[in-house]
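Side-chain atoms are counted along with the backbone in the values below, which use heavy atoms only and exclude waters and symmetry mates. In the text below, chain A, chain B and the rest are named by the order of the sequence lines, each starting its count at 1.
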Number of protein chains: 2
Amino acid sequence: MAGGSASPGRSVTSRALGILDAFDSSAPRLSLSEIAERSGTPLTTAHRLLGELTGWGALVRRPDGRYEIGRKLWDLGLIAPVQLELRQVAAPFLLDLHTTTRDTVHLAVREGVSALYVERVSGRESVPVVSQVGSRLPLHATGVGKVLLAAAPDDVVERVLGALRPVTPHTVTDPAVLARELAEIRRRRYARTSQEMSLGAASLAVPVQVERAGGPLAVAALGIVVPPHRRDLSRLVPALEMAARGIGRELARSREFH
Amino acid sequence: MAGGSASPGRSVTSRALGILDAFDSSAPRLSLSEIAERSGTPLTTAHRLLGELTGWGALVRRPDGRYEIGRKLWDLGLIAPVQLELRQVAAPFLLDLHTTTRDTVHLAVREGVSALYVERVSGRESVPVVSQVGSRLPLHATGVGKVLLAAAPDDVVERVLGALRPVTPHTVTDPAVLARELAEIRRRRYARTSQEMSLGAASLAVPVQVERAGGPLAVAALGIVVPPHRRDLSRLVPALEMAARGIGRELARSREFH
DNA sequence: TGCTCCTCTCCCGTCCAGCGGAAAGCTGGG
DNA sequence: CCCAGCTTTCCGCTGGACGGGAGAGGAGCA
């Protein structure tokens, strides 16, 4: 009878941490049984581990019994140097763009075959919140993603072209169409998405480049989302390009010292 | 010979998590031995736990061998609902203030006897970075802190007055002086710090209030930091008050639905 | 160059704390 | 009222955590 036969192999610690993997931006509040199921942990074990995680402050218990991420992880997350240099350098430029245009501006980097949004200044007009800081989207699904893809190594491009899952009803799913778009982006130095018009916004994105010995190196993409009733997208290109060049210049300078 | 005699009592999990406690905004990169010392963990044990934490992604190893907070914790931290509602409601107001004044604007809440900065928009002129989002400062040491203190329950005020440690050379350390300042803040509805002039900036802070049955309830403080060469602080009061009222109103409205 | 000091890594015997099935609380809906 | 689903407590078994020791790898100094 009674339990016993300890864990199936993984270490205690990674088992506890695995619990945290159940949490996600699309599932920020979870009940005990949901967590147990999502993390593949026996209910009782999950219960105990949750107790410890809560005790430490990694999680907090809501009045309704569900768990959510606690202060401690917020504190620690804030000091994570994820693209720290880029974010610090870029922040003033994003704010400047926001001040002059009043629109939503965001900055993303490539992480594998995803675009990772690392900074964002929200505009007043409510646009869909898909580019939340920390969120990841497939490279082929957004303007900044395509810009990053246009500058990515060939093997990455091929991997993306090989698996074009639709994200919105308007996502390109034809590899030939996307390849043509990428060529166009490389030629014009900016991407312009009309696909997302249906979401109530149009967007524009440009590459951020750092000058290096051996040619420029794209490290990020700068995007702006404009409400649909303003169609003066093209007039924004110079401002965006200037900001992108400014970020690249400052980044190169700050790296010289290091 | 050989080790053995397992842990002194605490659970495995909390021991591993305790390792993370060694990290701090003032010490974001640590070596193995620093971590072992800071967390009071035997060197060998710390080494193993660090391996597990790194394997999961809570920490990453830098080329020089030091550890720092990794992507995973960043991701999780971003979905922590720490003052989520307040931050979402306040963000547009902070941006508006920044757009019109170009100065650094920040928002803080009270957490015990500390002011916790939860949102910030940095101005172009570089002011000291003490109000980084996530950082905590004693209530008596800053403008927003004093505003929060002025609205805090009596027991909190007494606790603070009882232990006035100096933070900068200009921090008030005399309880009587601070008590008079607090009375002044309650009367005028805003705080104005001249103490921090030496740091190269002057600041202004107002309470953010939510209307409730049973009188207004201060929940946060809104502050602005102005470079010293602009002395038109008083002209900012109306704009700040309007923003603070706006935040309070929106917050009350969004809570009605809930 | 040889020495010392410091930090990191691997090894391994002991022993205890994690494990999780079972069953008892606790809600809330029908 | 009864039942279904979720949460919490209980507890004996066992396998993995523990950490001292030794040695490798470097940095600094004479």
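If you measure from atom CD of A:E52 to atom P of C:dA17, you get 12 Å, rounded to the nearest angstrom. When rounded to the nearest whole Å, the span between CG of A:L49 and P of C:dG20 equals 9 Å. Summarising the geometry, the separation between CD1 on B:I19 and P on D:dG19 is reported as 11 Å, rounded to the nearest angstrom. One can place CZ of B:R48 at 7 Å from P of D:dA17, the figure rounded to the nearest angstrom. A:L32 places its CG atom 14 Å from the C1' atom of C:dC26, with the value rounded to the nearest Å. A straight line from CG of B:D64 to C1' of C:dT7 spans 13 Å, rounded to a whole angstrom.
B:E250 is linked by a side chain to side chain contact (heavy atoms under 4.5 Å, CB included) to B:V89, B:F93, B:R253, counting only residues two or more places apart in sequence or in another chain. In this structure, the ring pair (Phe, Tyr, Trp, His ring centres under 6.0 Å) partners of B:Y117, at least two apart in sequence or on a different chain, are B:H106.
Residue pairs that meet the salt bridge (charged side-chain N to carboxylate O under 4.0 Å, His left out) test with at least one member in residues 38-49 of chain B, sequence neighbours left out, do not exist here. Residue pairs meeting the salt bridge (charged side-chain N to carboxylate O under 4.0 Å, His left out) criterion with at least one member in residues 151-165 of chain A: none, sequence neighbours excluded.
Residues A:T13 and A:Y67 both approach DNA chain D. Their nearest nucleotides, taken by heavy-atom distance, put A:Y67 toward the 5′ side.
Residue A:R15 places its side chain closer to C:dG20 than to any other of C:dG20, D:dT7, C:dC8. For B:R61, taking side-chain heavy atoms from C-beta onward, the closest of the listed nucleotides C:dC8, D:dT7, C:dC19 is C:dC8.
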Distance-only donor-acceptor pairs under 3.5 Å for side chains of residues 39-46 of chain A, two or more places apart:
from  : atom 1 : to    : atom 2 : distance (Å)
A:S39 : OG     : A:I35 : O      : 2.8
A:S39 : OG     : A:T41 : OG1    : 2.8
A:T41 : OG1    : A:S39 : O      : 3.4

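For B:H47, no side-chain nitrogen or oxygen approaches OP1 or OP2 of C:dC8 to under 4.0 Å.
Residue-level contact check: A:R66 touches neither bases nor backbone, having no heavy atom under 4.0 Å from any strand.
Residues B:T13 and A:W56 are not in side-chain contact: their nearest non-hydrogen atoms beyond the backbone lie 4.5 Å or more apart. Considering only heavy atoms from C-beta on, A:I69 comes within 4.5 Å of A:L59 through its side chain.
Less than 4.0 Å separates DNA chain C from at least one heavy atom of each of the following residues of residues 33-45 of chain A: A:P42, A:T44, A:T45.
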